[in-house]
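Below is one structure, written out as structure tokens; comments come after it.
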Amino acid sequence: MEQGLGSNYIPTSGGPVDKSRVLNVRPLRCLVPIFPSPPGMSSFSSPQTAPFMCVPPTGPFPPGVAPFYPFLVPTETQAVHSGFSNTIPSPVPINSFRTPISAVANGGTGLSRRSSKNRTPEGAVMDEDYSDSPNQSDFSMHVADHDHEYTTRKAGKRKGNSQKKTRNDVDIDSVANSFLASFNLTGVDTYRQVDGDKELIRYILMMYDLLRRRITQVEDGKEATPGVTRRPDLRAGTILMNKGVRTNVNKRIGAVPGIEVGDIFFFRMELCLVGLHAPIMAGIDFMSFKDIQGGERLAVSVISSGGYDDNTEDGDVLIYSGQGGNINRKDKDVEIMDQKLERGNLALEKSLRRANEVRVIRGVKDAVNPTGKVYLYDGLYTVQQSWVEKGKSGVNVFKYKLVRVPGQPEAFTMWKSIQQWREEDTATSRTGVILPDLTSGAENLPVSLVNDVDDEKGPAYFTYFASLKYQKPFNLPKPSLSCSCRGGCQPGDLNCPCVQKNAGVLPYTALGVLLIYKSLINECGPSCLCPPNCRNRISQAGLKIRLEVFKTKDKGWGLRSWDPIRAGAFVCEYAGEVIDVSTAQELEREKEDNYIFYATGTTGSLEVTPGNFKETPRIPFPIVISAKNCGNVARFMNHGCTPNIYWQPVLRESDNESYLHIAFFAISHIPPMKELTYDYGTAQSGKAEQRKKKCLCGSLNCRGHFY
DNA sequence: CAGTCTCAGTTGTAT
DNA sequence: ACAACTGAGACTGTA
């Protein structure tokens, strides 16, 4: 035990853009991390022999065809001892750190206990009926068994007060239930995973994001109730926690399976769901060991998010402030007092003596969305010193010096470098910068051109053009309605024709993040009267993310981002010249054009989401785009069999004319400087063999070629 | 020892 | 400005 605590770190191989971190997801343009292999057939254990799973390229893809993720429960031995031991550092047997009783009682099974009782035999959720129960004492008992924990807590707290579910709660409940139903998750939560892996984590985060965005969408269409703060992040998190859609529930010291140094998160809830940091508010997570003499407790992770006066000047050292003392409590009438050596502070003190590794998560400002925060997992640290000092508020504050364990991939230091490049504007301090802005101002953000790999001075000549050149638009048989929302289209405005075209809901959040996956997005067109910053013109508004074109090791030029990218965020569109199919085929034959994008019928964007959230992309009329002579950053995006970007058809209509565009969105959260890739797709016609190319994406289930 | 209660503890969003 | 909600620990009830 003793020696185990200090020595359970095995550096993950490779740097921050290590190919091994690419998720093991089924090929094709599939948004869903799909888990075709039952335990034992995991492609982790046999990456070479993993069968190439292929959806017929011509479709059709009726709803429900894609296997939803069954939440296979791998036995612990498989998870720990089979393929995983090679890829995920877990040198200390997980069991030896598992809190014997208390953590289990308070953690996982606690939830399971509560949430599995209230099922009818059919597994239906008992939901609405109790809300009018006149018997208040009975009521709390009834509610204590209720499915939704948040309701329970509310009701428990406000015993005797208003216990009616608001209309709002009911709405969200039904949304959540239908959401979960589409995952076949309304049943008893036997799905909780002991240990995660990359796919599971990706899947959970995707579910979280979908549900959160879905709730946002429902809330969005409604009038804001004064005095009620809408927290879709908490709502979605609570629901998934109660359903057991989470992993790494048991706390552990050191690395967390499936999470890599440099991974980013946008909500505290996400950290909780994947088991990186359990408390949703507190900055210090710790676990106790009853088997150690005196029931010692050790810190397992800390979040430095700016609430306290932490020092983060040196990227590899963190001066962390203890918790408590009411220093950050905004409530009135709370007295600020000296911090005590208890809870997290005590745990950090013990961790100093035991020298165990502590995960550090750094909360940093999001350049794209200044009101939000990004949580950056910065790897393992050890506590080196502790002391007490008088803080700004005049009370005693505990301070802990944490030092980063060497040999880990860059994360926070990379972040700091990027900040510096940003401030310098010209990025002169950086080696390998060829051009500070290859667009020559054609985009509203610069796009740098960098080569720190070899001597090549840049890609072949082309004209930078930020959008699509149509020779002639598609003519509509009957005129399309344009909106007249001078203040921008509003989510709840059912009179707006643009909202109507999108089945009654705007496809984007207020931050410009795609809300749900649709077969086709109808944006406002040239004749709409709404302003250019209308929420329904996201793909027309230009770059929002600071991108750079860089020389890859073996795939020519590629695209990556300085900014962290949220799942669902718009990245760029595919610019170029719209050409006709026959021209394209000619170019193909002569191997003239490697920059052709086909959006023709059923091929292409097969990105789908699980369950009912899947929609087959609908392309109203086929287009072929050539970006050989003119194009934008999208022409540099490489193919990846496990992509982090997908494309989506977007229609912009104007009176009798219709323009189809191809917009790229992030599949998952993408850390800065990670290469952006999308799936170039599979063969859709006999001619396709001519386009077949060898794939160098390097992902675990690379299918070896693309088109 | 199991169940119930209290409260510390910050965040994200609305104003 | 504010309400959101988990988990730990304290407390209570039962075997």
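Numbers restart at 1 for each chain; the letters A, B, ... are given by sequence-line order, proteins then strands.
Classification of Asp563(A) and Arg422(A) as a salt-bridged pair holds, one side-chain N sitting under 4.0 Å from a carboxylate O.
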**Asked** Could you walk me through whether Phe398(A) and Gln323(A) pass the side-chain contact (heavy atoms from CB on, under 4.5 Å) check?
**Response** CA-CA 8 Å; Phe398(A) 285 92; Gln323(A) 63 186 179; over 6 Å; no
**Prompt:** Taking it one step at a time, do Ile361(A) and Phe265(A) satisfy side-chain contact (heavy atoms from CB on, under 4.5 Å)?
**Reply:** CA-CA 10 Å; Ile361(A) 297 126; Phe265(A) 304 88; 5.8 Å; no
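Of the candidates dC5(C), dG12(B), dG9(B), the closest approach to any side-chain atom of Asp233(A) belongs to dG12(B). Of the candidate nucleotides dC5(C), dG9(B), dG7(C), dG7(C) has the atom nearest to the side chain of Lys251(A). For Ser305(A), counting side-chain heavy atoms from C-beta on, the closest listed nucleotide (dC5(C), dG12(B), dT10(B)) is dT10(B). The side chain of Phe267(A) approaches dT13(B) more closely than any other nucleotide in the set dT13(B), dG9(B), dA8(C).
Taking 4.0 angstrom as the limit, Tyr308(A) places none of its side-chain polar atoms (N or O) nearer than this to OP1 or OP2 of dG9(B). Distances shorter than 4.0 Å separate none of the side-chain N or O atoms of Thr371(A) from OP1 or OP2 on dG12(B). For dA8(C), neither phosphate oxygen OP1 nor OP2 lies less than 4.0 angstrom from any side-chain nitrogen or oxygen of Ser288(A). Look at Lys373(A) and you won't find any side-chain N or O under 4.0 angstrom from OP1 or OP2 of dT13(B).
Look at CD on Glu219(A): it is 13 Å from C1' on dA3(C), rounded to the nearest Å. Whole-Å rounding puts the Arg246(A) CZ to dG7(C) P distance at 6 Å. Note: CE (Met269(A)) to C1' (dG12(B)) measures 12 Å, nearest angstrom. Note: OH (Tyr375(A)) to C1' (dG12(B)) measures 9 Å, nearest angstrom. We find that NE2 of His277(A) is positioned 11 Å from C1' of dG7(C), with the value rounded to whole Å. Distance, Ile303(A) CD1 to dT11(B) P: 8 Å, rounded to whole Å. Straight-line distance from the CD1 atom of Ile280(A) to the C1' atom of dT6(C): 5 Å, rounded to whole Å. One atom, CG of Asn369(A), and another, P of dG12(B), lie 10 Å apart when rounded to the nearest Å.
Annotation: Glu313(A), atom CD; neighbour count of heavy atoms from other residues, nucleotides and ligands within 6.0 Å does not exceed 12.
Residue Arg231(A) places a side-chain atom within donor-acceptor reach of the base of dT11(B), judged by atom type and a 3.5 Å distance cut-off alone.
Looking at heavy-atom distances under 4.0 Å, Gly372(A) makes no contact with the nucleic acid at all.
Heavy-atom nearest nucleotides on DNA chain B were determined for Arg212(A) and for Met281(A), and the one closer to the 5' end corresponds to Met281(A).
Every residue two or more places apart in sequence or in another chain that forms a ring-ring contact (aromatic ring centres under 6.0 Å, His included) with Phe266(A) is listed here: His669(A).
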